[in-house]
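Here's the structure, in structure tokens; my notes come after.
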Amino acid sequence: MGMRRLSVLLASAAFGAALAAAPASAQESEAQRCALAGDVSALGATEASAHWVAADAAAKLPAYCEVRAILSPVPESRIGVVYRLPAGWNGKLLGLGGGGWAGNVTLAAAAEGLKAGYATAQTDGGHPSTGPWDTDWTKAPEAVTDFAWRAINRMTVAGKALIKGYYGRPQSRAYFQGCSTGGRMALMEAQRFPEDYDGIIAGAPVYSLQVQTSAILRNNGFSSGGFSEAQLGLVNASVLKACDATDGALDGVIAQPRACKWDPTVLQCKPGQSGASCLSAGQMRALRTMYAGVRAPDGSWAQFPLSKGGELGWGRFINIAGTGNTNANGGGMPGLSHLLFGARSVDFNRLDPKTDVPEARASAFAKAYEATKADLSGFFARGGKLILWHGESDPGPSPVGSLDYAKAVSRTNGPTAAKSLRTYMLPGVEHCRGGPGADLVDWLGTLDRWVNEGQAPATLKATRADGTRSRPVCVWPQIARHDGKGDPAEAASWHCAAPDKEESEPAR
């Protein structure tokens, strides 16, 4: 056991003793009891504070003790953490991930867990900036390590000690949930710290720098033929006409994007024709590259494919006009140049998938940041359960990347993976939320039942916040098919079935 972890555990014992020794009146007062939780030594923190937050009936939030602290496991490290310890605790811990190049300590991110009675743990990832594309903090080496892998682990270890001292008993279960960067953090925990959590939910994980290189190369690919939103609307309508009905219903969602054989040639401009009603030769080349992706020399993806049917959401992460790269639509990669290429100057508008991409992914930063390890035997041996999910129309991290990882875990871990990993693909759903598909699933409740009841989840149900659609979410590789009768907007009118043969590249 490391000295830092031991000191936290010893401090936890002191904290519990302080609570026990407090006057009865202090123990009976939640506010006074909460104040004790802000003890710096008890948390192993350099700074700490705590205050009691009254219940919010309108928001359906319970009363809770909010503890804020700075953890400094090594000099120059400053990991901001926030714990929310609810009244009526359900006995469990929920760790939460961030987004972009930032952590997330907001109440909004913790609300779902708090409502269900979880004690929640959050971190700023080792730097206070909340800008998703801000990478200025990477000039501090310890901040880089914190964000890459250390912050979530230290948040978790300190949080468990805090819980034991505050409630007088340890958590019965510990879960982690995150999407996007939070999904990468989730996989990193399973890979590096298999003892931290009993169950993990990794949504749309940005688990390798392939997401950032894809963003750059997609922008560059559109430079040969940029699009307006109206032109992408034209493409989307043509794609849906060709492939929407293959699952049995015309509903604006393609169940198997990689099996769709639509080709841009059907929209090619005829002699004398131009404008928003057809595609130029350059635009057709750009589209084919977007759908096919680009490989690096070792066969790995330098640019992940984009999904047919998701064209209306591409502009969220991609410069579809083809006018170059910025930090925002380059996934923040230009700001990482000093970490990826050292003193060498790189023109990101001409990023080379054959040379620049392999160099970036061979950097020391990539080795710390990427959560690509497929061997989860340590996590699975403890009984750990992993739910991996991704929206099929995600224009940021690719569903192909998540499927590649799921396949690698299955190959590496054999029969154990079949018992401990469930993968779900959500048709028509964009990055974490949004798009025409049904995007709300009770992932946390599903994981909790799996861990506690031992029954692996099968078909789940997804809904939309506006109530206009529900759909079964099938265990991959199954897909949902309409039964031919009943309302296509209702999940009961669908069933999970074997997919059509997908036209997809093998995992690498």
Side-chain angles (χ1 to χ4, degrees), residues 135 138 144 148 184 187-188 191 204-225 257-258 282 284-308 314 317-319 322 324-325 327 329-375 390 394-412 502-508:
T135 54
T138 60
V144 171
R184 182 193 68 84
L187 295 182
M188 187 67 80
Q191 294 167 20
V206 182
Y207 73 92
S208 82
L209 286 173
Q210 290 165 297
V211 176
Q212 286 78 23
T213 63
S214 293
I216 296 291
L217 293 173
R218 288 167 180 169
N219 292 340
N220 296 346
F222 274 118
S223 65
S224 67
R258 287 168 296 285
M284 288 196 298
R285 285 195 301 271
L287 276 182
R288 289 194 178 103
T289 301
M290 297 304 140
Y291 294 135
V294 176
R295 295 284 189 178
D298 65 355
S300 64
W301 292 110
Q303 176 185 331
F304 282 125
L306 286 168
S307 297
K308 292 174 182 175
W314 289 0
F317 287 104
I318 306 165
N319 185 347
N325 287 288
N327 264 342
N329 58 39
M333 190 177 178
L336 301 174
S337 184
H338 64 292
L339 292 175
L340 304 177
F341 304 107
R344 184 169 77 86
S345 179
V346 173
D347 182 354
F348 284 91
N349 290 317
R350 292 177 174 80
L351 191 74
D352 191 334
K354 296 180 180 179
T355 58
D356 295 333
V357 170
E359 181 179 348
R361 296 197 64 212
S363 66
F365 173 75
K367 294 184 186 307
Y369 167 85
E370 292 194 334
T372 55
K373 180 182 175 184
D375 182 359
H390 211 124
D394 194 334
S398 172
V400 171
S402 286
L403 287 179
D404 280 357
Y405 183 72
K407 293 171 187 175
V409 171
S410 295
R411 287 195 305 269
T412 304
E502 289 192 340
E503 298 294 328
S504 60
E505 295 283 349
R508 307 255 179 163

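Computed from a prediction, not measured in an experiment: that's the story for all the values here. By convention here, the first residue in the shown sequence is residue 1.
Distance check, rounded to the nearest 0.5 Å: OG1 of Thr372 to CE of Met188 gives 8.0 Å. Distance CD1/Ile318 to CG/Leu306: 4.5 Å, rounded to 0.5 Å. For the atom pair CG of Leu287 and CZ of Phe222, the computed distance is 6.0 Å after rounding to the nearest 0.5 Å. Separation of atoms CG (Leu217) and CZ (Phe304) is listed at 11.5 Å; rounding is to 0.5 Å. With values rounded to the nearest 0.5 angstrom, Phe341 atom CZ is found 12.0 Å from His338 atom NE2. Atoms OG and CG, on Ser363 and Leu336 in that order, are 9.0 Å from each other to the nearest 0.5 Å.
Among residues at least two apart or in separate chains, salt bridge (charged side-chain N to carboxylate O under 4.0 Å, His left out) pairs with a member in residues 335-349 are Arg344-Asp356, Arg344-Glu359, Asp347-Arg350.
A donor-acceptor contact shorter than 3.5 Å links the side chain of Asn220 to the backbone of Phe348. No side-chain donor-acceptor contact under 3.5 Å links Gln212 to the backbone of Met333. Here the side chain of Asn319 pairs no donor or acceptor atom with the backbone of Asn325 at under 3.5 angstrom. In this structure, the side chain of Ser224 engages the main chain of Gly221 through a donor-acceptor pair within 3.5 Å. In this structure a side-chain-to-backbone donor-acceptor pair under 3.5 Å is present from Arg218 to Pro395. Remark: the backbone N or O of Ala296 is not paired with any side-chain donor or acceptor of Ser300 at under 3.5 angstrom. Side-chain N or O atoms of Thr213 include one that pairs as donor or acceptor with a backbone N or O of Ala302 at under 3.5 Å. Judged purely by atom type and a 3.5 angstrom limit, Asn219 uses its side chain to pair as donor or acceptor with the backbone of Asn329. Tyr405 contributes no side-chain N or O that, together with a main-chain N or O of Ala371, makes up a donor-acceptor pair within less than 3.5 Å. Of the possible polar contacts, none joining the His390 side chain to the Gly401 backbone as a donor-acceptor pair under 3.5 Å is found.
Counting heavy atoms from C-beta on, the side chains of Thr289 and Gln303 come closer than 4.5 Å. Side-chain contact check for Val400 versus Arg258: some heavy-atom pair is nearer than 4.5 Å. With a 4.5 Å cut-off on side-chain heavy atoms, Ser307 and Pro399 count as touching. Residues Val346 and Leu340 have side chains not in contact (no heavy-atom distance under 4.5 Å, counting atoms from C-beta outward).
The aromatic rings of Tyr369 and Phe365 sit parallel, their planes meeting at an angle under 30°, below the 60° perpendicular limit.
Residues Met290 and Trp314 share a closest heavy-atom pair of CB-CH2, 4.2 Å.
Evaluation of the salt bridge (charged side-chain N to carboxylate O under 4.0 Å, His left out) rule for Arg361 yields Glu370 as partners, not counting sequence neighbours.
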